[in-house]
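A quick write-up on the structure given underneath.
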Amino acid sequence: MNLLRKETIGKYIQEKGAVTVKELGALFPEVSLMTIHRDLEKLEREGVITRTRGGAIAVTQGSSPTEAKLEARMQTNMKAKREMAKKALKLIEPGSAIFMDAGTSSIALAQMLPDMDLNIFTTAPNVAIELSRLSAPTIHMCCGTLNRLNQAVSGQSTLQMLSGINIALAFIGVSGYTDEGGFTCGKEDEMLVKRLMVERAGKKVILMDSSKCGKILPYTFGNVEDVNYIITDGELPASIRERAGKCGTQIL
């Protein structure tokens, strides 16, 4: 790696906070994008930056690698997640009991939620903290075992708590979707929580940006016909739209 280029890229990202590979390519037109990717890999190993899809963000001084990864996920496709959150807000009725899953889409929803009378149950400590700025809703933090990487709580105590709650509206995140595998995630305990909400909640809402389509993870917790709404950021494959049309699931 050219040391001067490495230092310049590192400083540039620290100053801007977040950049794209395309932006760095324009800054160094004499090198290939492949070279830029290798530079970013090296800087990430040194703890200077964290790579994101199509770019990188600066690592805040004193933050842990886990915190940096969480921040990177938050910065990825944030505009689309806010648009999804706006759609989700229209489904929430004051005075109801809602469930908010862990994930960056739920964080975006929590950030935009107005101060209204609600009972909110969540398996995500960072979602609960975001909601704590509000005075009207009652916030219930589910107990369980914490996955540090995605800030999701799960386990038998989580299931026991949620099985006794009448949830009117559940916002559920996904890690992948295929026609064959349905909605999937990567951890068995978290799948069981999501499946419980699919089974028990009055209305089930999937929060799924289009990048999740075509990905399949080990654990399936439901499929299109099991939910009432799919909130997305753009065009979904024709197959999922056709399936949703046949079973009455609304795509927003």
Worksheet item: Could you walk me through whether I206 and T249 pass the side chain to side chain contact (heavy atoms under 4.5 Å, CB included) check?
Response: CA-CA 10 Å; I206 293 293; T249 299; over 6 Å; no
Treat each ILVMFWY residue as a node, draw an edge where side-chain heavy atoms are under 4.5 Å apart, and state whether [X] and [Y] are in one component.
{"X": "F221", "Y": "F121", "result": "yes"}
{"X": "V127", "Y": "I120", "result": "yes"}
{"X": "V174", "Y": "M84", "result": "no"}

Worksheet item: Rounded to the nearest 0.5 Å, how far apart are CG of L118 and CE of M100?
Response: 9.5 Å
Worksheet item: Between S210 (side chain) and D233 (backbone), is there a donor-acceptor pair under 3.5 Å?
Response: no
Worksheet item: Is there a donor-acceptor contact under 3.5 Å from the side chain of T232 to the main chain of M208?
Response: yes
Worksheet item: Between M197 and K194, is any pair of side-chain heavy atoms under 4.5 Å apart?
Response: no
Worksheet item: Does the side chain of N223 come within less than 4.5 Å of R243's, by heavy atoms?
Response: yes
Discussion item. Please verify the inter-ring angle class for F183 with Y177; under 30° counts as parallel, over 60° as perpendicular, anything in between as tilted.
Written reply: tilted
Practice prompt. Inspect the contact between R195 and E199 and indicate whether a charged nitrogen and a carboxylate oxygen are less than 4.0 angstrom apart.
Written response: no
Discussion item. Do D101 and S106 pair up side chain to side chain, a donor and an acceptor below 3.5 Å, judged on atom types alone?
Written reply: no
Practice prompt. Please report the closest heavy-atom contact between S96 and I98, naming both atoms and the distance.
Written response: OG-CG2, 3.8 Å
Worksheet, complete the sentence: Per salt bridge (Lys or Arg N to Asp or Glu O under 4.0 Å), E44 is matched among K6, R38, R51 by R51
Practice prompt. Take K187 and S154 through the side-chain hydrogen bond (donor to acceptor under 3.5 Å, both in side chains) test and state the conclusion after the steps.
Written response: CA-CA 9 Å; K187 298 289 185 180; S154 61; over 6 Å; no
